[in-house]
Every structure is written in C-alpha cells, then in structure tokens.
Amino acid sequence: MNREWWRDAIVYQIYPRSFMDSNGDGIGDIPGIISKLDYIEKLGATCIWLSPVYASPDYDNGYDISDYKAIHPDFGTMEDFDRLVREAGERGIKIIMDLVINHTSDEHEWFKRALAGEKKYRDYYYFREKRNNWGSFFGGRAWDKVPGEDMYYLHLFSKKQPDLNWHNPDVYNEICDIMRFWLDKGIAGFRCDVINVIYKNSLDKGKKHIALTGIEHYLGTEGNHEILRRLNKDVLSNYDCFTVGETVFVDPTQANLLMGEDRKELNMVFGFEHMECDCRKLKWFKRAYAPERLISALDKWQRECEWNANYLENHDQPRSVSRFGDEENCRRESAQMLCALNLCLRGTPFIYEGEEIGMTNGDFKKAAELKDVESKNINRILRRFPITRAKRLKMLFRTTRDNARTPMQWDNTAGGGFTEGVPWLKLNGNHEWVNVENEETYPDGILSFYRKLIAYRKNSEALKFGDYNRLPSEKGVYAFERSCNGNKVIAVLNMNGYEERMPAVTGKLVISNCGRVLSNDAKTVMKPYEVMIFEA
Ligand code: TEU
Ligand code: CA
C-alpha cells in the first residue's frame, strides 16, 4: 500500500450553513469559516471537507446545484472561496469539496433549457412518457410530471433534483470540465455524493423493495465503475488529490470494487453498514442500539477492506453521542470513547463539526421547526397513517437529518456564537453548556481529548498505518491492536453504559478518559464508556 498524504489526513467536515455566520443573516458562510481556521488547525485537522457551497435554490441545502462554477451568495464570493483555499493552505490544511453529479437542481440552466425544449439538454436528463415504479430515497415516487407536458422526469432524490443521464457523453464532458475548474483552484479532491448510483442500466420496472423499488437497475452497475475509471484517468490522475465516495448500500466486496488500489476508481468509500446498527436497513425501521452490532460491522469492514473512510457522524446522521453514547449521564465519557473509536481504527478519520465538543441531537418540539426536505416529505407521508401526533413527531425527531445540522455551538450567548442574528435552524438549547468556549476551560474535556488523541495519532506509525487485529473481550467492549514495524498500539473501549470486565492486555497505558493513573496497574473493571490506549 502506498502511503499517500490522504491516508494519514485528519478530515474535518464543515456544513457551511451551520458552521459560522459572519454577517448576521443567520446563515453560516465562507468568511465565517476563515475566521475559524485557527480553531481547526488547533484541533489538528489537516483537511476540510466542505459540504456544497455552490449556487443552489437550497431545496436540499446545496445538494441541488444550479451552477457548479458559482459560489452561493449566502456563502460569499469566489474571492472568499479563493481566500479560504489560500489561508487554509497556509496552515497546512487542504480542502476537498462535494461533487454532486447524480443530479442537478431543476433550476440548473441545463434543466431549464431542457424544459424549454432544447433537444441537446433534453438528453442530459431522463424524460419519459410513462413513469416506472421506482421509489425515491426521500420517500414517494422517483418520477414527477413535467409542468405543462404529458411527460415525466426521473429524480432519485427530491423532485427538485432531476437525475443526470450518464449515458450522454456531453454530460461526462461537462462534469470533467467542472472538476478541473475546482482542482485548478487548488482543492485537494472530492467527496462524491451517492456516487454508486449515477449510471442507470435501464429504466425497467423494479422489483418490489421496502423503500427503494428499482435499485437493482442502478446500484453499482458496471457502467458506473467504468465512468469512475474514466473520470480518474481523464481528470483526477492529473492532480495530487483524492476521492471519497458516498456509496449507499454497499458491502465490503462491492466497496473493494470501488476503491481497490488496482481498480483506479475511488480512493476510499463511506460504508453505511455500521450506521444500520440501530435500525433495519433503513433508519425508519428502528431497533434498539446494541454496541455489539456496531462493533461487528466496524470489525467486518476493518478486516475485509484494505482501507476505510472512518466516520461516526455527518450531515445526514444523528449525533453519535445521542445515538451510541449517553448524552444525559455520560456525555463526556461517551463522546471521548467515540473519538477514540474513530481515531484508532485503520483508515482516514472524518470528524463532523461539533462532534469534537460532543454536540447532541437537536431539541426540536414542533414539526415546523424542521427544515430538512426529507423530513418534510416523511411528515407528509406519515400524516396519512393512523398514528398519533406524538408518535409521528417522535419518529420525525429521531430520524431527521436536522439533528446534525443545528448551528455550531461556539459559546453560551443567544446566538451560540454562531450568529448575531436569527439562526436558519433552531440552535440547541444546550449551547448554554455544550460549547467550544466552555470546552476550552476543561483540560479533561471532550475537545482536549480530541486534540490530544489527534496529536498522538500523528506521531504513531501504528495508528496511522498499522495492521488491525481484534482482541478477545466481553460483549460491548471493543479491543483491538494496531501494529506496524514492531510498534504496537492497543485500544480498549467499553462501549457499554455499564461496567464491564477488562480484557487481558499488556502494555503501557498512554491515554485514558476516566481518571486512570497512567501506569501498568492491574485493571480489572472498566467504567461505563471507559477508553484505555496502550503502547506495547
Ligand atoms: O445522501 C444520500 C443518501 O443516501 C441520504 O440522502 C440518505 O438517503 C438519507 O440521509 C437517509 O436519511 C447524499 C447527501 O449526503 C445528502 O445530504 C443529500 O440529500 C443526498 O445525497 C442527495 O444529494
Ligand atoms: Ca452569513
């Protein structure tokens, strides 16, 4: 395996709308991000993944792009963007951007010209007289009627996100051009949105599927692999950059086809299997969280994939401390345990804004407080079912992507230090005590733990590149060793909310989160969410 720079990068994901507002309009922006670069540098991140900042009507918060080469005025100007790349670079921080090429916005010029009847642009999308039975990722059907015509168009996501036709060479060339545009500006790669569904084999009728009827016609098709190889050869291979694919519904075998070093498609992928440890396939079908299920999903990917893009949070998922920890009784300990989990596994770690201070799920009270298009769709669908309002809201609040999108909590002032105005999405009331300023005052706090472990990792060959090997332990305790050229690090994590027996490991304790004396004393019982990291 080559030791490219991105393998030992520490990636910090920024959701620009919610990170830092510089002008009081309640929306985070690029000057806001620039003002926090020192914070990101101090954390130890070496790369920022910037969620979309392109021009967009924001029906899906920027994942519906109306101009791929323009910065959304809410976020600033192209000069601001160039300054961000430059000022981040001066701090040794690279920037990767979101590449959303399964679909555009319906307000993109291509789609508008298609609707106006221009044949060339008609072929950029899928227009059909008859719709098939495919379902949309956001609930409901994947086809909507073209206004004023007896025609339908395909959209796997919202109706404002028509799917691009990847059979059309013009689409391919347009996207190559867009990628070069940003790479030439000095960005270091792309996070590729739903990249394993872009190429549709056919528009034939789909087999019945609980939510995604039709998926067999577009998931991980050979044509999709071929496009990725071509993009790699024609564009990416000419730059010092990397790609991480957001790849829905893949198992390690399929993941390896997308990121195998010899395949020359993507560099790494985000798997979803570990995100299914508290639901059945889809988040709507809840089941109780069991640490053991999270461990076995992670262990499987660690064993079966040469490299992993490790993450526990992003802008689509609930907050990990609310989900896998105990935000009420052990917020600090469980957030630190999750930090160690993310940073000690083999792969490139991705940290989502606010994760490093243990931010929790939103404290929503009314459906009207939610802004996410997916939640609005689901709310509409749920209203048709005979369930109580309380039940409907409970389900909405548990699943809404807005849980991760509440404004970053910098301090305890009215706007959380995020804005001087009214935030676009309700700020969590717990910003009074869960905030960066407060964390800065605790040497044993969550943020300090992140900084400490990131710094430790940077100096550890074993954590950066070492092999992974799971060690025997009690249920819900995850113990594994990472070794490289005789250096060995052992991580022992009690992921249970109760005490559990310590596995037998030998080594020098170097990092812990529950006040252990850093020595080699006999340790028999682990406290809830206790972390111990040893050198052997
Ligand atoms: O997400 C794709 C995706 O699979 C999710 O939308 C998933 O279906 C959903 O989170 C389940 O709750 C990517 C982006 O991360 C997401 O923000 C976009 O909305 C979506 O693509 C469309 O571009
Ligand atoms: Ca702003």
Side-chain angles (χ1 to χ4, degrees), residues 13 15-35 49 51-54 56 58-65 71-77 80 98-105 135-140 142 155-164 191-198 211-212 215 218-219 244-250 269-272 275-276 279 281-286 311 313-318 350 352 370-378 395-396 398-405 407-408 415 418-424:
Q13 182 191 352
Y15 196 65
R17 279 187 93 71
S18 301
F19 190 62
M20 182 65 202
D21 173 23
S22 71
N23 61 353
D25 66 358
I27 300 174
D29 46 55
I30 295 173
I33 297 172
I34 295 173
S35 73
W49 153 22
S51 273
V53 288
Y54 313 100
S56 162
D58 284 328
Y59 201 71
D60 189 16
N61 287 354
Y63 283 90
D64 47 329
I65 299 171
I71 297 292
H72 194 311
D74 283 351
F75 295 141
T77 61
D80 292 330
D98 239 287
L99 184 70
V100 188
I101 56 177
N102 175 68
H103 44 265
T104 69
S105 162
S136 148
F137 278 71
F138 288 161
H155 61 84
L156 289 186
F157 292 87
S158 84
K159 64 177 182 200
K160 300 220 6 124
Q161 292 163 301
D163 280 45
L164 283 166
R191 175 269 190 188
C192 311
D193 194 62
V194 290
I195 200 65
N196 60 330
V197 303
I198 66 175
L212 283 169
I215 195 162
Y218 58 78
L219 187 73
V244 50
E246 188 213 23
T247 51
V248 289
F249 300 112
V250 295
V269 306
F270 290 126
F272 280 76
M275 292 284 120
E276 291 165 12
C279 61
K281 271 294 172 222
L282 294 171
K283 65 182 176 182
W284 324 113
F285 311 122
K286 184 182 167 60
Y311 74 98
E313 289 188 16
N314 62 37
H315 63 292
D316 291 333
Q317 298 292 334
F350 289 73
Y352 178 67
L370 302 181
K371 301 278 149 78
D372 178 15
V373 50
E374 180 187 68
S375 303
K376 288 181 185 163
N377 277 353
I378 295 298
M395 177 159 174
L396 270 181
R398 183 177 60 76
T399 55
T400 182
R401 301 186 299 177
D402 285 339
N403 278 319
R405 300 176 181 185
M408 179 72 183
F418 162 74
T419 184
E420 302 271 289
V422 182
W424 72 276

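Whatever order the structure lists them in is the order used to number ligands and atoms, beginning at 1. Keep in mind it's a predicted model, so treat the numbers as computed, not measured. Hydrogens, waters and symmetry mates are skipped; everything else that's a heavy atom, side chains included, is used.
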Student: Specify the closest pair of heavy atoms between G32 and S35, including all atoms of both residues, with the distance to one decimal.
Tutor: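 Scanning both residues completely, I find the closest heavy atoms to be O-OG, 2.6 Å.
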Student: May I ask you to decide whether D58 forms a salt bridge with R17, counting only side-chain N to carboxylate O separations under 4.0 Å?
Tutor: yes
Student: Are the aromatic ring centres of H315 and Y63 under 6.0 angstrom apart?
Tutor: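 They qualify: ring centres under 6.0 Å apart.
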Student: Could you go through the side chain to side chain contact (heavy atoms under 4.5 Å, CB included) check for F157 and V373 one step at a time?
Tutor: CA-CA 10 Å; F157 292 87; V373 50; over 6 Å; no
Student: Taking the ring centre of each residue, are W49 and F270 less than 6.0 Å apart?
Tutor: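 That pair passes the under 6.0 Å test.
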Student: In chain order, what residues pass the side-chain contact (heavy atoms from CB on, under 4.5 Å) check against I65, with sequence neighbours excluded?
Tutor: Y54, Y68, V100
Student: Please give me the protein atoms (N, O or S only) lying under 3.0 Å from the Ca ion (ligand 2), ordered by chain and number.
Tutor: D21 OD1, N23 OD1, D25 OD1, I27 O, D29 OD2
Student: Kindly tell me which protein residues have any non-hydrogen atom under 4.0 angstrom away from an atom of ligand 1, grouped by chain and ordered by number?
Tutor: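 For ligand 1, the residues that come within the 4.0 Å heavy-atom cutoff are D60, Y63, H103, F137, F138, F157, Q161, R191, D193, V194, E246, V248, K283, H315, D316, E374, R401, R405.
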Student: Answer yes or no: does atom NZ of K160 have more than 12 heavy-atom neighbours from other residues, nucleotides or ligands under 6.0 Å?
Tutor: yes
Student: Among all residues two or more places apart in sequence or in another chain, which pass the salt bridge (charged side-chain N to carboxylate O under 4.0 Å, His left out) test with R401?
Tutor: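 D60, D316, D372, E374.
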Student: Please say whether more than 12 non-hydrogen atoms of neighbouring residues, nucleotides or ligands are located less than 6.0 Å from NZ in K286.
Tutor: yes
